[in-house]
Every structure is written in C-alpha cells, then in structure tokens.
Protein chains: 2
Amino acid sequence: MLELRLVQGSLLKKVLESIKDLVNDANFDCSATGFSLQAMDSSHVALVALLLRSEGFEHYRCDRNISMGMNLNNMSKMLKCAGNDDIITIKADDGSDTVTFMFESPTQDKIADFEMKLMDIDSDHLGIPEAEYHAIVRMPSSEFGRICKDLSSIGDTVVISVTKEGVKFSTRGDIGTANIVCRQNTTVDKPEESTIIEMQEPVSLTFALRYMNSFTKATPLSSTVTISLSSELPVVVEYKIAEMGYIRFYLAPKIEEDEEETKPQV
Amino acid sequence: MLELRLVQGSLLKKVLESIKDLVNDANFDCSATGFSLQAMDSSHVALVALLLRSEGFEHYRCDRNISMGMNLNNMSKMLKCAGNDDIITIKADDGSDTVTFMFESPTQDKIADFEMKLMDIDSDHLGIPEAEYHAIVRMPSSEFGRICKDLSSIGDTVVISVTKEGVKFSTRGDIGTANIVCRQNTTVDKPEESTIIEMQEPVSLTFALRYMNSFTKATPLSSTVTISLSSELPVVVEYKIAEMGYIRFYLAPKIEEDEEETKPQV
DNA sequence: GACACATGTG
DNA sequence: CACATGTGTC
C-alpha cells in the first residue's frame, strides 16, 4: 500500500513538465526515504535523477519498496487536470497494476481521481558516483535558461568555461559566434540573484544545447541552478526543490572531435 | 424597420464567439419580445437557442416580425471590429436584404457601420418542449469549462451522474480513467461560486465531450452555468445573460451502445 | 481560425 | 492564482 500526500501539488506538475520531454517512460521508485526517479533520456545521452524526500510530504506511507513504471506523457496529461493549488495524493494498492492520482481542491469541494495503468519498464538503474568537481557555478535559473535559449538560436553546442572571474557561455554557428560572460557577484542583496563560482581549477567543456534547453524546463522549480563541471565528467545541472529534494540532469561533454564537426567550414 | 441599440456591445460579441464554431448559418428572429436565434449545429446533433429580450436593449424598435438569415462567421468578423465597450446598433430596413451593424465608441469619437448581406436559410425551427428535469445542477461556469477541457484530454465522452451529494463527471480513455466529483456547496459567501443541485431522482447520462467543449465557449457570458438532466432527454446547458435572456445548448445523450464503442477493450 | 503557450495584471 | 491579452504554430 502506497499513499503519498503532497500539499503543494503544483510541485509535481512542474516536475513532470520538466522531464516529460526528455524521458518517455520511467520507473518511479518509492521507499521509506522518498519518491525518486532515475532515467536516461530516450536517446540515451542524458540522465535525469529526481528525489522527493518523504519528509516533504504531508502524509507518506510506503509499506514496502515499490517501483512503478509510468508513461510520463500520460502522467503529465493527468497532472494537468490538477489545479495549481490542489493537494495531490498518489495511491497504489499492493500488487495493483494501476496508480491513482487524487486531486483535492483547496476548498475540498472538488475531488478528482485519475487512474493510470502502470507499465513494465527495464530499469537501467545506474549508480551515479559521487565526484569532485573542478568548478561549481550557482546562478539564477532564469538567467541560465535565457542564456541557453539565446545561444541555441546561433549554434548547436555551448562551451562553458569557468575561470575565477566568471563563467563564459560560447557558441558558434553559420551566422556567427556568441559569448556570454557572467561575472561572479555575491554582493547582491538577494542571494537567489547572485552568481557564485567555486573553482578548484579552470575548466572548459562543450555540450549540446538541445539537451541544456530541455533541462531548463525545470526552471520553475527553483530560482537558482547549480552547474557542476569537471573535465571528462558529465556536467550536473541541479535544481533544488524546496524542502523536498532536487532534480538533477547529467550530460556528457562533447569531445573535441565531435565539437569540430559542428563548426562551419572556414 | 428594425433598430436595436445595445449599450453593452461586448455581449453580442461574446454571443457570437460562443456559437459561431457550432453553427454556420442561422436565422435571427426579431419580434416585439426580443432578438432570438434557434439553430442546429452543422452536424445536426446539438441545438443552440439564444434569447435577448427587448427590455435589455437601450432602444428596441421592431415594427414587424422579421427573420434574418446570417452567416455567423461573417457576422462574427464584423463584430470583432467593434470595441469591447462600443455601443452596437443593429439596423435593417423593411424589405432590405442587408443588415447594418453600427458601432459607437464610448466617447462618440468613432462611429462605424458595417453592412452585411442577408441569406435565405431554411429554418428547421423546432419547438422545444418544456420538460421536467430529474436533476438541475448550477455551478461556476469556469469550473464546468475546466472539467470538460480536462476530461477531454483523457476520453471522448463524459458521464454526468447526479446524486444528492454532488455531481460526478467521469470519462475513460486509452491511458486511464478519470472521475471528478463536485460536492454541493451552498455555504459560500459568493453565490456565483457555489454549486447547487436540485434533484428529483438520480440520473446518469453520457455525452460527447466535443460538443460540451464547444458549449463552454459561452463561459464569458455568465459566471454560472445550469445543467439540466433527465434520462432520455437532451441535456440543457444554459448560460444566463444578465438582464437580457440566455443562451441554451441542447445535446442528446449517447445511448449505452454508443458509449461502449469508445471504451477500451478489456 | 483554433489552439497552445507565454506574459502582465488584478 | 485566475484572468485577460498577445503571440506563434498548425
């Protein structure tokens, strides 16, 4: 028996909006710790890891560990039927092949339940090793989203370079080149508007903008984003989910040869 | 000679927005009583009945009963040229085959007149019998609109079931099932936010969501909607038009056999 | 032209 | 958060 009651239902709606374009089907894993998901994107290039800790739920009952395979598009369709301030409860009976989403309006005058078939999904559950990162950039999520969107109108890849002074996002395409530098600024009153760089050593890595732009769909979940970079390691783009956990996107850098391919012939 | 002056011109604009997708051509009937329309939708499944009583007009002159056939799409195009707070006057000379819409801006600084050709339309004017309804539900029109929209992302038909406790809207489709229950709540301060159920006996009927979603285009006309249901009778979805009348949509329930077709095979 | 999306306002 | 508005897409 599983019963998870989330007062801030809009959180779950936003989580689905941010991953449904990346991943078609995925297993949600439920344990005493929390509600989590780990999945590769459909082209097996990026990885998304979600954690919603049990403490963040108003009511959390999970009698035994359970993995529920869902079609994220269908799940998203159902969650769209929840109001933004509805309370969402996820229910599953033991041995059932369905999951039920219950939406309660704040006034309790409207109660909806949506039942969805579960799927069997091969879970390629990868252990994600803890890693040391050469550079960690924290910046406003909206700014990062804007940068990725802007750069993708010029080129297909972004080079993210971190130095002590700041972080530089660069691209090049047929019509020209673009460089956007964000200086470290910790002096702002509001911490969520500051850009903070923790750097062990300079790093410069290239990524496909297509995936970055997919990751930034999580922008509504957090006002800040954390980008962790190390040579040879996948970048981690993390959006913290207040009081509950996080959603993290992993993407391997393009190696130099790949990058060359996308450059226009001179 | 016909001359109808409507101070709140936006009303007429909204009326046309709410029926032009349903009905292509229709006769507007004008008599001493008021300005009315009754027409089947283009696929002859639903019926729309509009009444704007003469008392609701600032000036109402209709020397003799007249029926004016109009292409609602063209009429809507012209009304879109009126500002939302323009005063609209509808004019027709006796024996003329045109109608004139005059728009006066509130400041009287702009006066526009649009002349439109009338059409000859076979009016399949059905007498609509008064009926006793097993259940009458009044609820916020926005909520009804939202429910129909949400359910149509899951299935094609909606089962509306009324009991003393509330009204339930259900659907099923390939991806799962959905039930939305609205409890009766008369206790709210604002009467337009309450859900009121007058029930003689429980009723449960199935309707095509496609038409319901068309009806809910009338939502801007009224903050509440009234849904009148009886077994074997078409449902009436009514939006009252303040001080003037109503727009009513009639839709026959699907019989059980039709409903089965849409269910997924088990 | 309808619909979905994004944005600004109450 | 709901609503209205404007824009882009199909």
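Because only heavy atoms are used, hydrogens play no part in the values below, and waters and symmetry mates are left out as well, while side chains stay in. Residue numbers begin at 1 in each chain, while the letters A, B, ... track the order of the sequences.
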* Contact class for Lys80(B) (heavy atom, under 4.0 Å): base, sugar-phosphate, or nothing? ->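 Nothing, no heavy atom under 4.0 Å.
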* Answer with base, sugar-phosphate or nothing: what part of the nucleic acid does Lys149(B) contact at a heavy-atom distance below 4.0 Å? =>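 No contact at all - Lys149(B) keeps every heavy atom at 4.0 Å or more from the nucleic acid.
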Would you mind writing out the side-chain donor-acceptor pairs for residues 176-184 of chain B within the sub-3.5 Å range, not counting sequence neighbours?
unit_1, atom_1, unit_2, atom_2, d
Asn179(B), OD1, Ser170(B), OG, 2.8
Asn179(B), ND2, Asp113(A), OD2, 3.1
Arg183(B), NH1, Gln108(A), O, 3.4
Gln184(B), OE1, Ile197(B), N, 3.1

For nucleotides 1-9 of chain D, which of its nitrogen or oxygen atoms have a protein nitrogen or oxygen under 3.5 Å away, and what is each distance?
unit_1, atom_1, unit_2, atom_2, d
dC1(D), OP1, Asn84(A), O, 2.8
dC1(D), OP1, Asp85(A), N, 2.9

* Verify the ring-centre separation between Phe35(A) and Tyr60(A): is it less than 6.0 angstrom? =>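 Here the rings of Phe35(A) and Tyr60(A) have centres that are no less than 6.0 Å from each other.
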* To do: Please work out which of the three classes, parallel, tilted or perpendicular, describes the rings of Phe101(A) and Phe103(A), given edges at 30° and 60°.
  =>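 Parallel: the ring planes of Phe103(A) and Phe101(A) meet at under 30°.
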Only pairs under 3.5 Å count here: list side-chain donor-acceptor contacts from residues 76-85 of chain A, not counting sequence neighbours, and write none if there are none.
unit_1, atom_1, unit_2, atom_2, d
Ser76(A), OG, Glu17(A), OE2, 3.1

* If you round to the nearest 0.5 Å, how far is CG of Asp86(A) from CE of Met102(A)? ->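 If I round to the nearest 0.5 Å, the distance is 10.5 Å.
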